[in-house]
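Residue numbering restarts at 1 for every chain, and letters A, B, ... go by the order of the sequence lines. Scope of the values below: all heavy atoms of this structure, side chains included, with no hydrogens, waters or symmetry mates.
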Amino acid sequence: MASAGADELSTIARVHATYFCAARNLFSPPKSMTLSAQIKCLSTDALQVLFPDAALDSSQVTVNLTKPEFSGHYTVVLFPFVKALRMKPADLGKQLGDYLLAHSTLFSAFETVSGFLNLTIQDAYWPGFLLNNFNNTQYGEAPKQDYRVMLEYSSPNTNKPLHFGHLRNNFLGFAVSNILKAQGQQVVMANLVNDRGIHICKSMVAWQQYGQGATPESTGQKGDHLVGDYYVRFNDAYKAEVAALVAAGKDQALAEKEAPIMQAAQDLLRQWEAGNTEVRKLWEMMNGWVYQGFNKSYQRLGIHFDKYYYESDTYLLGKKIVESGLKNGVLFQKEDGSVWIDLTADGLDQKLLLRGDGTSVYMTQDIGTARLKYEDYKLNQSIYVIADEQNYHMQVLKLIMQKLNEPAAAGIYHLSYGMVELPTGRMKSREGTVVDADDMMDEMIRLAQEQTVAAGKTEGFSQTELDTLYETIGLGALKFYLLRVEPKKKMIFDPKESIDLHGYTATFIQYAHARICSILRRENLPLLPDRSHFQNFTHTQSLSKGEAALLILLEQYPAMMATAALEYNPSVLCNFAFTVAQSFNSFYDDHSITKAENEEKKLLRLMMIILTAQVLRHSMNLLGIRLPEKM
RNA sequence: GGCCUCGUAGUUCAAUGGAUAGAAUAGAAGUUUCCUAAACUUUAGAUACAGGUUCGAUCCCUGUCGAGGCUACCA
């Protein structure tokens with residue numbers, strides 16, 4: 001898991017290193033490189049020319065953004081060279097700065113402060129940048145490549161509705177899929193439905209015993225919620241039975257095993273696996289209810305899948321692979337007939353792959369699915385979006401696949417994320433202490449409506465438009481809230497405190513976007529005007545600090561996207577879009593656009609805000625967040 | 001017990017080994033005859049603890065303390 005990530009990172013690092021070294025085309029790095037990369041390239045070459053004996057290479061060159069309290073935009077860190085070259089930082093900075101200024105048109109000034117060389121990007125850089133990109137809907141994306149990756153996400157159990165924790169999984173999987181697509185990869189979004197097993201049998205037993213034929217139609221209840229209620233019902237009954245047995249003098253462990261309703265559930269599972277027609281019919285009916293419910297939720301969440309896998313279809317393949325592994329001697333059988341793999345040599349434990357009664361476990365089915373996925377799409381990589389409680393499971397899966405000599409093994413990567421917890425601890429659907437996903441969506445939309453009305457912002461909208469707006473704001477806030485934290489960190493959500501619509505939120509970004517659209521409407525311009533509108537643009541005046549700050553940010557978008565993709569980390573885009581919106585708001589505050597000082601400034605700023613809106617839309621749309629044109 | 005995460009302002013989150021640790025929110029003080037004040041400006045406030053490596057450590061290493069997860073013939 002961590003090691004897979006590290007491998008990936010070091011591979012990319014190597015690619016970059018060779019790229020920079022190969023870019024020996026002195027002082028004319030490719031235009032397609034980001035500013036930061038160009039500066040790194042230029043600085044490396046300059047250092048090698050100035051100090052040929054020092055054997056410096058690009059891996060030692062660090063380029064950062066200049067802190068706002070200093071003048072300049074990008075900073076080269078000089079400390080690493082000071083010792084090797086036996087020079088004072090100020091002297092080194094002066095030499096390097098002079099050289100860069102003399103040999104590149106990128107910079108207009110430099111300043112050395114302690115061990116940092118602060119470089120100022122020439123104003124003349126920006127007109128070309130803007131004209132090339134301001135209305136480019138693909139700005140930030142990378143070219144298509146023949147790299148096939150599957151993202152498995154959502155992967156629900158069919159015995160209960162989605163809860164708040166599942167939402168993190170769904171948003172994360174959807175967002176990362178889109179980010180990788182934007183990076184040119186060919187992505188299959190897959191959903192592996194855990195449709196069989198003891199969990200659904202529990203709901204089935206409870207429904208048989210207490211349901212009296214209830215259906216979604218007869219109760220008016222969403223199917224997944226209906227089935228989920230019987231799952232809770234099962235556990236209530238189970239607890240009562242265990243308590244009764246214990247009160248009658250039974251040992252706790254024995255009581256848990258012998259409780260009649262549990263035995264009934266296990267009996268159902270055996271009948272299911274034996275293909276009992278009645279059981280299969282009940283199973284199909286109740287799963288069908290759940291799928292109807294899930295589909296409604298998915299639709300509302302705005303997520304979708306290219307491919308569904310069902311555990312009931314793959315577990316037999318898993319069994320087959322396990323059986324052949326047994327023949328090969330990779331696996332072994334215990335006296336009771338159960339099948340195991342011994343991973344103690346790898347520092348792990350022995351792992352069960354088939355029960356003594358021949359029924360399969362979770363791992364068995366995962367083995368089958370992994371092979372099936374690989375054969376279906378000839379994948380370069382297979383990413384599993386699964387909570388970190390399954391880190392061990394995924395580590396073992398990959399290892400078993402390797403030992404079984406399955407070609408799918410190499411591409412398996414676990415995108416592990418921290419669980420969403422309540423202030424009181426984990427959500428437990430068995431105990432009914434969950435924040436329901438559907439309820440959460442309702443609540444967010446309600447909140448959006450309440451605050452929109454309170455702010456008096458409903459003028460000029462039809463009721464349909466308002467409903468759409470509330471949903472855009474409410475669901476946007478929900479998605480942003482769950483995506484803005486780095487995936488691997490766990491997060492705590494307190495239902496008593498509603499999700500904010502101010503500050504570091506989707507609403508903030510949506511508002512900046514709406515403001516830009518408002519300006520464009522005023523100017524009778526579409527969101528993405530034709531380049532001919534700016535044919536007369538010439539650059540003669542220097543940029544203000546606010547203009548330069550926003551441009552520096554916008555230029556970083558492709559690099560940010562690449563980072564988000566490399567780290568499988570949508571929070572990078574949340575952070576970036578928020579910073580852009582923040583920078584725009586400040587800019588907006590002390591620069592007039594429609595009433596700019598002169599035509600040149602007006603055209604410049606129009607291009608800037610058009611690109612700003614484009615970047616905000618592009619980044620947020622990847623996360624499944626829509627930006628309204630009016631709010 | 002073993003293995004793996006994680007401890008940063010009151011709170012929620014940032015910070016490829018680089019400058020005086022950044023935001024948001026809550027707190028304090030301001031801004032609207034001017035393109036949307038769901039905004040902007042100013043202000044106060046934090047690296048759990050102890051060592052080590054380094055020119056430089058929130059980041060890497062060791063130990064202590066604290067939180068969580070895994071270690072099922074559950075999924």
Side-chain angles (χ1 to χ4, degrees), chain A residues 1-2 9 13 62-64 66-70 75 77-80 82-83 89 113-116 118 155 157 159 194 196-200 311 334 336-340 347-349 351-363 365-366 387-393 395 416 418-419 421 425-426 448 451-452 454-457 473 481 484-486 488-494 497 500-505 507-508 510-512 514-523 563 571-572 574-575 578-579 581-582 584-596 605 609 630-631:
Chain A
M1 29 211 56
L9 284 170
T62 304
V63 177
N64 291 332
T66 304
K67 297 224 164 206
E69 55 266 38
F70 302 100
T75 293
V77 183
L78 301 173
F79 294 111
V82 166
K83 205 176 180 185
V113 182
S114 62
F116 301 93
N118 299 331
S155 300
N157 290 352
N159 62 327
N194 293 307
R196 49 141 255 136
I198 192 71
H199 52 92
I200 179 67
E311 178 180 343
K334 292 194 176 173
D336 60 6
S338 57
V339 178
W340 298 73
L348 304 175
D349 302 318
K351 190 79 189 170
L352 175 85
L353 297 181
L354 279 180
R355 294 192 186 97
D357 64 3
T359 56
S360 61
V361 291
Y362 188 44
M363 188 63 82
Q365 160 258 316
D366 265 356
D388 60 8
E389 61 180 348
Q390 293 193 34
N391 284 354
Y392 182 72
H393 175 84
Q395 190 186 355
S416 171
M419 311 241 278
E421 295 178 8
R426 287 175 64 165
Q451 299 200 19
T452 304
K457 301 240 176 191
I473 295 174
Y481 181 86
R484 67 184 194 177
V485 181
E486 196 188 334
K488 76 169 183 183
K489 300 216 169 153
K490 74 174 180 197
M491 46 194 304
I492 295 171
F493 172 69
D494 189 345
E497 295 169 17
D500 211 330
L501 301 183
H502 298 275
Y504 186 29
T505 63
T507 315
F508 185 94
Q510 290 169 327
Y511 183 63
R515 279 176 138 182
I516 292 173
C517 294
S518 172
I519 297 169
L520 296 178
R521 274 196 301 276
R522 193 169 284 258
E523 290 293 316
T563 302
S571 79
V572 169
C574 290
N575 236 303
F578 178 70
T579 308
Q582 234 178 359
F584 164 77
N585 278 333
S586 296
F587 164 80
Y588 177 89
D589 203 56
D590 52 24
H591 298 74
S592 182
I593 291 135
T594 56
K595 293 179 191 156
R605 290 171 191 167
I609 65 167
K630 275 198 311 189
M631 66 187 283

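The distance from atom OH of Tyr588(A) to atom P of A38(B) is 11 Å, rounded to the nearest whole Å. The NZ atom of Lys351(A) sits 6 Å away from the P atom of U71(B) (whole-angstrom rounding). Distance CD (Glu497(A)) to P (G10(B)): 16 Å, rounded to an integer number of Å. Across the protein-nucleic acid pair, Glu421(A) atom CD and U12(B) atom P stand 12 Å apart, rounded to whole Å. Leu353(A) places its CG atom 14 Å from the P atom of A72(B), with the value rounded to the nearest Å. One interatomic measurement links the two molecules: OH of Tyr392(A) to P of A75(B), which rounds to 16 Å at whole-angstrom precision. With rounding to whole Å, Lys490(A) atom NZ is found 11 Å from A67(B) atom P. If you take OH of Tyr481(A) and P of C13(B), they are 7 Å apart, rounded to a whole angstrom.
Interface remark: the Lys457(A) side chain does form a donor-acceptor pair with the U36(B) base, using a distance-only criterion of under 3.5 Å.
The gap from the P atom of A26(B) to that of C40(B) amounts to 13 Å, rounded to the nearest Å. Atom C1' of U62(B) sits at a distance of 30 Å from the matching atom of G22(B), rounded to the whole Å. The gap from the P atom of A23(B) to that of U43(B) amounts to 10 Å, rounded to the nearest Å. Atom P of U5(B) sits at a distance of 14 Å from the matching atom of G63(B), rounded to the whole Å. A gap of 12 Å separates the P atoms of C4(B) and C61(B), to the nearest Å. A9(B) and A44(B) have their C1' atoms separated by 10 Å, with the value rounded to a whole Å. With P as the reference atom, U31(B) and A46(B) are 29 Å apart, rounded to whole Å. Of the C1' atoms belonging to A14(B) and A21(B), the separation is 10 Å, rounded to the nearest Å.
Taking every side-chain heavy atom of Lys83(A) into account, C55(B) is the closest of C55(B), A38(B), A75(B). For Arg484(A), taking side-chain heavy atoms from C-beta onward, the closest of the listed nucleotides U12(B), C35(B), G68(B) is U12(B). Of the candidates A14(B), U25(B), C55(B), U25(B) carries the atom nearest the His502(A) side chain, counting heavy atoms from C-beta on. For Gln582(A), taking side-chain heavy atoms from C-beta onward, the closest of the listed nucleotides A75(B), C40(B), U36(B) is C40(B). Candidate nucleotides A38(B), A75(B), G69(B) were compared by shortest atom distance to the side chain of His199(A), and A75(B) ranks first. Looking at the side chain of Pro80(A), the nearest of the listed nucleotides G18(B), A19(B), A75(B) is G18(B). For Thr594(A), counting side-chain heavy atoms from C-beta on, the closest listed nucleotide (G18(B), C35(B), C6(B)) is C35(B). The side chain of Ala455(A) lies closest to A38(B), out of A75(B), A38(B), U5(B). Listed nucleotides A19(B), G18(B), A75(B) differ in distance to Asn64(A); the shortest reach to its side chain belongs to G18(B). For Met491(A), whose side chain is taken as the heavy atoms from C-beta onward, the closest listed nucleotide among C13(B), A19(B), U36(B) is C13(B).
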Subject >> Dot-bracket line, read 5' to 3' along RNA chain B, where crossing pairs take [ ] and | marks a partner on another strand, Watson-Crick or G-U under 3.5 Å >> reply: (((((((..((((....[...)))).(((((.......)))))....(((((..]....))))))))))))....
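The shortest distance between the side-chain N/O atoms of Asn391(A) and the OP1/OP2 oxygens of C70(B) is not below 4.0 Å. Contact check, Ser571(A) against C13(B): no side-chain N or O comes under 4.0 Å of OP1 or OP2. For the pair Lys489(A) and U5(B), the criterion of a side-chain N or O lying under 4.0 Å from OP1 or OP2 is not met. Contact check, Arg426(A) against C70(B): a side-chain N or O comes under 4.0 Å of OP1 or OP2. At the phosphate of C74(B), OP1 or OP2 sits under 4.0 Å from a side-chain N or O atom of Arg355(A). Contact annotation: Arg515(A) side-chain N/O to A38(B) OP1/OP2 distance is not under 4.0 Å. Note on Lys67(A): a side-chain N or O is less than 4.0 Å away from OP1 or OP2 of A19(B). For C35(B), neither phosphate oxygen OP1 nor OP2 lies less than 4.0 angstrom from any side-chain nitrogen or oxygen of Lys595(A). Distances shown here put every side-chain N or O of Tyr362(A) at or beyond 4.0 Å from the OP1 or OP2 atom of A75(B). The side chain of Ser518(A) places an N or O atom within less than 4.0 Å of a non-bridging phosphate oxygen (OP1 or OP2) of U36(B).
Among the atoms of the strands shown, base atoms are found under 4.0 Å from some heavy atom of Asn118(A). Using a 4.0 Å heavy-atom criterion, one finds that Gly356(A) contacts the bases of the nucleic acid, with or without backbone contacts as well. Within the 4.0 angstrom heavy-atom criterion, base atoms lie near Val77(A). Among the protein residues, Thr359(A) comes within range of no part of the nucleic acid, since none of its heavy atoms lies under 4.0 Å from any strand.
In this pair, Phe587(A) and His591(A) present their aromatic rings parallel. The plane angle is below 30°, not in the 30 to 60° band. Ring geometry, Phe508(A) versus Phe578(A): the interplanar angle falls from 30° to 60°, so the pair is classed tilted.
In this structure a side-chain-to-backbone donor-acceptor pair under 3.5 Å is missing from Ser518(A) to Ala514(A). Looking only at distances, no side-chain donor or acceptor of Arg484(A) sits under 3.5 Å from a matching main-chain atom of Thr505(A). Looking at Ser338(A), its side chain never comes within 3.5 Å of a backbone N or O of Lys334(A) through a donor-acceptor pair. Remark: the backbone N or O of Asn159(A) is not paired with any side-chain donor or acceptor of Asn157(A) at under 3.5 angstrom.
Of the N and O atoms on the side chains of His393(A) and Asp366(A), at least one donor lies less than 3.5 Å from an acceptor on the other residue.
Closest of all the heavy-atom pairs between Thr579(A) and Asn575(A) is OG1-O, 2.7 Å. Across Ile473(A) and Thr507(A), no two heavy atoms sit closer than the pair CG2-OG1, 4.0 Å. In this structure, Tyr481(A) and Ile492(A) approach most closely via the heavy-atom pair OH-O, 3.8 Å. Among all heavy-atom pairs drawn from Gly418(A) and Asp388(A), the shortest one is CA-OD2, 3.5 Å.
Rounding to the nearest 0.5 Å gives a distance of 9.5 Å between CD1 of Ile593(A) and CZ of Arg515(A).
In this structure the side chain of Phe116(A) never reaches within 4.5 angstrom of the side chain of Asn64(A), judged on heavy atoms.
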Between protein and nucleotides 43-48 of chain B, what N or O pairs are separated by less than 3.5 Å?
none

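In this structure, Phe116(A) forms an aromatic stack with the base of A19(B), since both conditions hold: centre separation below 5.5 Å and plane angle below 30°. Residue ring and base: Phe79(A) does not count as stacked with G56(B) (centre distance below 5.5 Å and interplanar angle below 30° not both satisfied).
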**OP:** Report the C-alpha separation of Ile519(A) and Tyr588(A) in whole Å, then their side-chain angles, then the decisive distance to 0.1 Å, and conclude whether the side-chain contact (heavy atoms from CB on, under 4.5 Å) test is met.
**Re:** CA-CA 11 Å; Ile519(A) 297 169; Tyr588(A) 177 89; 3.7 Å; yes
